[in-house]
Amino acid sequence: MNESRPTSMSAFWMPFTNNRDFKASPRLLVSAEGMYYKDVDGNSVLDGTAGLWCVPCGHAQPRITQAVSEMVGQLDFAPTFQMGHPAAFDLAEQLMEYTGHKFGHVFYTNSGSEAVDTALKMALAYHKARGEGGRTRLIGRERGYHGVGFGGLSVGGIGNNRKSFGPLLPGVDHLPHTHNLSKNAFSRGEPEFGAELADELERLVTLHDASTIAAVIIEPVAGSTGVLVPPKGYLKRLREICDKHGILLIFDEVITGFGRLCTPFASDYFGVEPDMMTTAKGLTNGVVPMGAVFSKRFIHDVFMEAPAGIELFHGYTYSGHPLACAASLATLAVFREQSIIENATSLQPYFEDALHSLRDLPHVIDLRSIGLVAGIELAPIAGKPGARAYSAFKKAFADGILIRVTGDIIALSPPLILSKQHIDELFGKLANVLKNLD
């Protein structure tokens with residue numbers, strides 16, 4: 001593996017990156033193991049973000065790397081159009097078991113973005129197949145993030161992600177977000193105020209008529225916008241309204257799935273079952289790209305009532321790729337055998353207390369956490385939104401911790417294999433960063 005600096009950095013157009021700033025002073029990672037990265041200069045960097053929310057079992061997990069290595073020598077690729085391979089079917093059964101059999105079927109994609117667009121297409125096609133083809137409207141939420149496909153951008157609600165790409169899909173509306181600093185600042189877990197915001201869906205039903213609405217998609221906990229935790233009762237109320245009007249409810253669990261809330265999925269944590277659930281990231285521990293849509297049986301069964309032939313004209317070349325299936329099967333085994341969620345659960349109170357120890361530090365205007373994910377909101381610099389948190393990100397990396405920032409919010413989501421020592425290191429170094437931040 002190449003551990004030296006590249007001879008040129010001009011050709012790679014980097015995603016979601018200030019390319020000019022990065023290339024002037026690059027942060028280059030060359031290896032990883034357990035809770036730590038190593039940069040090109042040989043420095044250890046504690047991973048406070050599980051990569052991009054996607055490495056719950058830690059880096060270079062031997063069981064997973066071995067499974068992928070064995071599969072690439074056995075079956076490097078197999079199409080899943082009109083044929084298949086055993087690992088794809090074995091994984092589907094294990095995933096259904098992992099959900100507690102609350103879902104009946106899984107459709108493989110290659111990312112969270114593809115999983116979202118797949119779920120939206122399934123929702124539209126489901127209603128058409130059952131004779132309600134007028135249900136074409138999709139409802140997202142302000143500040144929601146659902147990937148970068150045109151479907152996900154359309155139902156997403158982060159302005160900077162949308163504004164450069166034209167009108168996007170027609171027939172989309174948005175619920176208001178639930179973030180309320182005046183009432184819910186410094187909450188632990190679900191905040192007290194805001195459940196009534198779910199009733200805004202009734203307003204949209206009145207505006208558009210239920211017969212035009214196919215699905216509502218939300219993140220149970222909004223991650224990429226800065227860890228927005230739903231108010232108590234909010235998700236249950238959304239479920240009730242969707243049931244009342246025959247609207248499908250989709251949970252985007254690309255971030256919250258696979259242990260992030262110390263439960264298999266956020267739907268388990270909140271006790272609310274969606275009709276479909278999108279996943280990715282932790283599905284393979286980030287080792288091989290993969291996404292998936294979990295579907296209730298009744299949705300799948302409607303398609304199976306059509307005349308013989310292809311039931312859903314949708315899919316990807318790499319749906320159910322053998323290497324991804326091997327990585328996911330091994331990831332599920334690691335979750336079981338190494339008690340990953342149990343470890344996260346035991347450390348959740350310590351993690352939460354460490355977060356709230358930052359309350360009186362300079363510029364901190366809110367702290368919020370649920371499971372092993374935390375948001376630290378900073379007061380913005382006048383006229384320079386996002387600059388303060390971005391400065392914290394760079395200072396933190398220089399001090400040996402990797403954090404994630406969005407706007408002026410720091411998001412933390414470490415691998416679930418962490419220990420108290422890692423929590424102390426992460427929050428101790430972050431406290432020093434905040435104390436010395438302009």
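- Qualifying side-chain contact (heavy atoms from CB on, under 4.5 Å) partners for Val155, counting only residues two or more places apart in sequence or in other chains: Leu120, Leu138, His146, Val172, Ile217.
- Here the side chain of Thr99 pairs a donor or acceptor atom with the backbone of Met96 at under 3.5 angstrom.
- Residues Leu248 and Ile299 form a side-chain contact, since some pair of their non-hydrogen atoms from C-beta on lies under 4.5 Å apart.
- The aromatic rings of Phe427 and Phe351 sit perpendicular, their planes meeting at an angle over 60°, well past the 30° parallel limit.
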Trace of the salt bridge (Lys or Arg N to Asp or Glu O under 4.0 Å) decision for Glu377 with Arg368: CA-CA 9 Å; Glu377 188 155 355; Arg368 44 191 181 264; 3.0 Å; yes
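- Side-chain contact between Val221 and Pro230 is present, with at least one heavy-atom pair separated by less than 4.5 Å.
- Taking the six-membered ring where the residue is Trp, His321 and Phe77 present tilted rings, their angle falling between 30° and 60°.
- Partner of Tyr390 under the side-chain hydrogen bond (donor to acceptor under 3.5 Å, both in side chains) criterion, out of Thr406, Asp21, Asn18: Asp21 alone.
- Under the 4.5 Å side-chain criterion, counting only non-hydrogen atoms from C-beta, Lys38 is not in contact with Asn43.
- Side-chain atoms of Asn343 and Thr345 form no donor-acceptor pair, as typed in the model, at a separation below 3.5 Å.
- Between the side chains of Ser8 and Ser10, at least one donor N or O sits under 3.5 Å from an acceptor N or O.
- Close placement of the Phe258 and Tyr98 rings is indicated, their centers lying within 6.0 Å of each other.
- Below 30°, between 30° and 60°, or above 60°: for Phe265 and Phe294 the angle between ring planes is above 60°, a perpendicular geometry.
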Please step through side chain to side chain contact (heavy atoms under 4.5 Å, CB included) for the pair Val364 and Leu378, ending with a clear verdict. CA-CA 5 Å; Val364 174; Leu378 306 178; 4.0 Å; yes
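- Using a cutoff of 4.0 Å between basic side-chain nitrogens and carboxylate oxygens, Lys236 and Glu240 are not scored as salt-bridged.
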